[in-house]
Amino acid sequence: MNARVPTHALQPALALERVSQAWDNDIVRQLTDYIAIPAKSPMFSPDWAEQGLLDTVVRNAAAWVESQKVEGLTLEIVRLPGRTPVLFFEIDATQAGARDAARPPEGGAAPSGGSEPRAAGSVGAGDTVLMYGHLDKQPEFSGWRNDLGPWTPKYEDGKLYGRGGADDGYAVYASIAAVQELKRQNVPHPRIVGLIETCEESGSRDLLPYIDALKPRMGNVALVVCLDSGAGNYDQLWLTTSLRGMATGTLKVEILTEGIHSGDASGLVPSSFRIMRQVLDRLEDSATGRLLPQSFHCEVPADRLAQARATAGILGEEVYKRFPWAHYDCGGSTTFALPTTTDPLQALLKRTWEPTLSVTGAEGFPALQDAGNVLRPYTAFKLSLRLPPLVDAAAAVQELKALLEDNAPYQAKVTFQGTSGATGWNAPSTTPWFEQALNEASQAHFGAPCGYIGQGGTIPLMNMLSEGFPAAQMMVCGVLGPKSNAHGPNEFLHVPYAKKLTAAVAQVIAGMAESSGTTP
């Protein structure tokens with residue numbers, strides 16, 4: 001006998017009311033406890049297994065999910081040898097047979113990412129929604145407000161401060177809350193699976209083995225909901241259309257085997273820092289910030305350029321004014337440091353489609369109070385190179401190594417040790433059902449249409465999933481709006497926005513079910 005099929009659409013106002021109650025009564029408290037745990041990503045905590053903190057946050061999240069008693073949900077903490085753990089859950093579709101259609105028969109082959117050819121924009125009754133998030137965190141960083149700290153959660157004026165709440169600990173809680181509201185309102189939904197990893201801030205280096213291991217259980221993924229991205233403002237739903245890639249590594253310049261008196265040697269022994277400057281000049285024009293190798297650049301697709309123009313019209317000066325610029329008093333007025341451009345369109349493109357070099361760490365320097373008159377033997381910089389979405393990261397790392405190491409000035413020992421690389425991502429074309437669902441959800445919960453924006457950060461999972469499931473639509477959204485400052489000091493989760501985003505996710509999933517023809 002077939003299961004009872006729900007018969008009505010999601011009521012947005014009721015959904016937001018009850019989702020907000022869940023956040024106020026439970027989720028904020030869960031995230032407060034989560035922020036207090038310094039579950040740093042393996043790149044920043046090599047002894048993560050001995051510390052057990054990643055296991056702790058995964059177990060805590062799993063216990064909470066199980067406590068919600070979502071109808072049809074099964075959950076498992078999956079651990080591959082030598083890998084960080086992942087949380088994987090499965091939720092039955094509301095229609096009998098949909099789960100079996102999505103999963104392979106006993107002993108049969110798993111559906112491929114591309115699945116059977118189908119009309120553009122269509123959704124099958126046996127399709128799956130994949131909900132993604134991560135629980136590992138960036139390190140502490142300095143500069144936090146005196147009453148705040150990375151592991152000291154504080155809820156103030158609708159903002160939950162602390163490391164990891166917005167990036168991306170809230171995702172699993174918001175995902176389950178969205179599904180629960182679909183259940184409460186008896187609204188049809190497809191089969192749903194969740195994958196919550198603990199290695200994202202290390203480039204998701206453990207993720208691909210888990211995707212390979214779990215792919216037979218994922219079924220035919222037609223929609224990915226990734227709540228690990230940003231928002232142009234807090235006034236509407238924002239869909240991420242592209243992500244930059246990344247190449248990171250340590251550049252080290254050695255000129256001496258030990259430090260020597262600067263008065264004795266300077267002028268004859270070249271400074272390792274000056275050599276470092278010369279080497280970096282091969283890569284970057286320091287006057288403009290433009291990266292010199294043409295292979296690190298790519299052409300911006302026409303549709304992304306059109307979307308950027310529209311977004312520039314929405315955000316205007318807020319595109320660059322949202323950052324915490326240094327400032328000082330000058331003749332009775334306040335003078336602020338300036339961005340590389342004040343044109344909103346160019347500002348958007350520079351942070352999403354242009355390659356950029358940042359130095360994120362240094363070694364070989366004593367603290368200021370300990371710096372004597374000594375010529376240092378070496379200088380080392382940690383480089384973070386953001387790449388346009390269509391540039392191959394592996395090729396960029398190899399070219400970067402050759403560019404920096406070859407023909408070193410003064411025959412100094414110059415080495416570049418690449419630590420990670422991740423190719424960026426350009427979203428697939430938005431299908432009619434998905435665009436309609438996004439706009440309806442944004443209008444219902446924000447009173448404004450959905451905005452489209454590229455992000456300067458990197459989520460390696462998205463490129464992996466686009467390759468594995470090329471027919472899937474990608475709902476890449478997040479709460480990292482103006483001044484939320486992920487990875488930096490005073491990071492916060494904007495709770496009112498998170499509530500609306502949670503309700504919007506529920507509405508988009510309901511829209512997918514309606515598009516698939518599973519509703520009467």
Task: Point-to-point distance, once rounded to the nearest 0.5 Å, from CG of Leu280 to CG of Asp285 - done: 12.5 Å

Task: Shortest non-hydrogen contact from Pro42 toward Cys199 - done: CG-SG, 4.2 Å

Could you go through residues 267-274 and list every donor-acceptor pair under 3.5 Å that involves a side-chain atom there, pairing it with any protein atom two or more places apart or in another chain?
| from | atom 1 | to | atom 2 | distance (Å) |
| --- | --- | --- | --- | --- |
| Ser271 | OG | Phe273 | N | 3.1 |
| Ser271 | OG | Arg274 | N | 3.4 |
| Ser272 | OG | Thr379 | N | 3.4 |
| Ser272 | OG | Thr379 | OG1 | 2.7 |
| Arg274 | NH1 | Tyr410 | OH | 3.3 |
| Arg274 | NH2 | Tyr410 | OH | 3.2 |

Open item on the list: Whether Lys40 and Glu140 form a salt bridge (side-chain N of Lys/Arg under 4.0 Å from carboxylate O of Asp/Glu) is what I want to check.
Closed with: yes

Open item on the list: Consider salt bridge (charged side-chain N to carboxylate O under 4.0 Å, His left out). Of Arg145, Lys159, Arg163, which one does Glu491 pass it with?
Closed with: Arg163

Open item on the list: Using only atom types and a distance under 3.5 Å, with no angle test, would you say the side chain of Ser442 pairs donor to acceptor with the backbone of Leu438?
Closed with: no

Open item on the list: I'd like to check Glu200 versus Ser41 (side-chain heavy atoms, cut-off strictly below 4.5 Å). Are they in contact?
Closed with: no

Task: Donor-acceptor contact below 3.5 Å, side chain Tyr497 vs main chain Gln236 - done: yes

Open item on the list: Could you check whether any side-chain N or O of Tyr452 sits under 3.5 Å from a backbone N or O of Ala310, counting only pairs where one atom can act as donor and the other as acceptor?
Closed with: no

Task: Straight-line distance of Leu383 CG to Thr248 OG1, nearest 0.5 Å - done: 9.0 Å

Open item on the list: In the structure I gave you, are the side-chain heavy atoms of Arg244 and Leu387 within less than 4.5 Å of one another anywhere?
Closed with: no

Open item on the list: Evaluate Gln455 against Leu480 for side chain to side chain contact (heavy atoms under 4.5 Å, CB included), listing each step before the verdict.
Closed with: CA-CA 10 Å; Gln455 294 294 338; Leu480 298 174; over 6 Å; no

TODO: Quick one: pull up CD1 in Ile196 and CG in Asp136 and give me the separation to the nearest 0.5 Å.
DONE: 11.0 Å

Task: Closest heavy-atom pair and its distance - Thr198, Pro85 - done: OG1-O, 2.7 Å

Open item on the list: Do Arg376 and Pro366 have side chains that approach each other closer than 4.5 Å (heavy atoms only, starting at C-beta)?
Closed with: yes

Task: Check: Met218 main-chain N/O paired with Thr128 side-chain donor or acceptor under 3.5 Å - done: yes

Task: Under 3.5 Å side-chain donor-acceptor pair for Ser466 and Trp425 - done: yes

TODO: Spell out, as yes or no, whether a donor-acceptor pair under 3.5 Å connects the side chain of Gln473 to the backbone of Thr431.
DONE: yes

Taking only distance into account, with no hydrogens and no angle test, what donor-acceptor pairs under 3.5 Å do side-chain atoms of residues 314-324 form with protein atoms, sequence neighbours excluded?
| from | atom 1 | to | atom 2 | distance (Å) |
| --- | --- | --- | --- | --- |
| Glu317 | OE1 | Lys321 | NZ | 2.8 |

Open item on the list: Looking at Glu363, is its backbone amide N or carbonyl O close enough to the side chain of Tyr378 to form a donor-acceptor pair, meaning the two atoms are under 3.5 Å apart?
Closed with: no

Open item on the list: Using a 3.5 Å distance criterion without hydrogens, assess whether the side chain of Asp228 forms a donor-acceptor pair with backbone atoms of Gly133.
Closed with: no

- [ ] Hey, could you give me the CG/CD distance between Leu87 and Glu197, rounded to the nearest 0.5 Å?
- [x] 12.0 Å

Open item on the list: A cation-pi test, strictly: NZ or CZ of Lys137 under 6.0 Å from the centre of the six-membered ring of Phe44 and no more than 45 degrees from its axis. Yes or no?
Closed with: no

Task: Under 3.5 Å donor-acceptor, Lys401 side chain and Phe416 backbone - done: yes

TODO: Dump the intermediate steps for side chain to side chain contact (heavy atoms under 4.5 Å, CB included) on Leu465 and Leu130, then the final yes or no.
DONE: CA-CA 10 Å; Leu465 288 178; Leu130 171 61; 3.7 Å; yes

- [ ] Could you grab the distance from atom OG1 of Thr241 to atom CG of Asp303, nearest 0.5 Å is fine?
- [x] 8.0 Å

Task: Check: Leu227 main-chain N/O paired with Tyr170 side-chain donor or acceptor under 3.5 Å - done: yes

TODO: Compare all side-chain heavy atoms of Phe434 with those of Ser429 and state whether any distance is below 4.5 angstrom.
DONE: no

- [ ] Step through the shown structure and confirm whether more than 12 heavy atoms of other residues, nucleotides or ligands are within 6.0 Å of CG on Asn407.
- [x] no

TODO: Please say whether more than 12 non-hydrogen atoms of neighbouring residues, nucleotides or ligands are located less than 6.0 Å from CD in Gln411.
DONE: no

Task: Any Val225 side-chain heavy atom under 4.5 Å of Leu223 side chain - done: yes

Task: From Phe381 atom CZ to Met276 atom CE, the distance as rounded to the nearest 0.5 Å - done: 5.0 Å

Open item on the list: Ignoring hydrogens and geometry beyond distance, is a side-chain donor-acceptor pair present between Asp206 and Ser204 at under 3.5 Å?
Closed with: no

Task: Heavy-atom closest contact (Pro293 atom, Glu399 atom, distance) - done: CB-OE2, 3.7 Å

Open item on the list: As a quick check of understanding, evaluate side chain to side chain contact (heavy atoms under 4.5 Å, CB included) for Leu243 and Thr458, giving each step before the final call.
Closed with: CA-CA 6 Å; Leu243 297 159; Thr458 307; 5.8 Å; no

Task: Partner set under ring-ring contact (aromatic ring centres under 6.0 Å, His included) for His297, not counting sequence neighbours - done: none

Task: Side-chain donor or acceptor of Thr341 paired with backbone N/O of Ala347 under 3.5 Å - done: no

Task: Close side-chain approach of Arg217 and Val193, heavy atoms under 4.5 Å - done: no

Open item on the list: Walk me through whether Ser484 and Tyr234 qualify under side chain to side chain contact (heavy atoms under 4.5 Å, CB included).
Closed with: CA-CA 11 Å; Ser484 56; Tyr234 298 113; 3.9 Å; yes

Open item on the list: With a 4.5 Å cut-off on side-chain heavy atoms, are Asp47 and Ser45 touching?
Closed with: yes

Open item on the list: In the structure I gave you, are the side-chain heavy atoms of Pro150 and Phe141 within less than 4.5 Å of one another anywhere?
Closed with: no

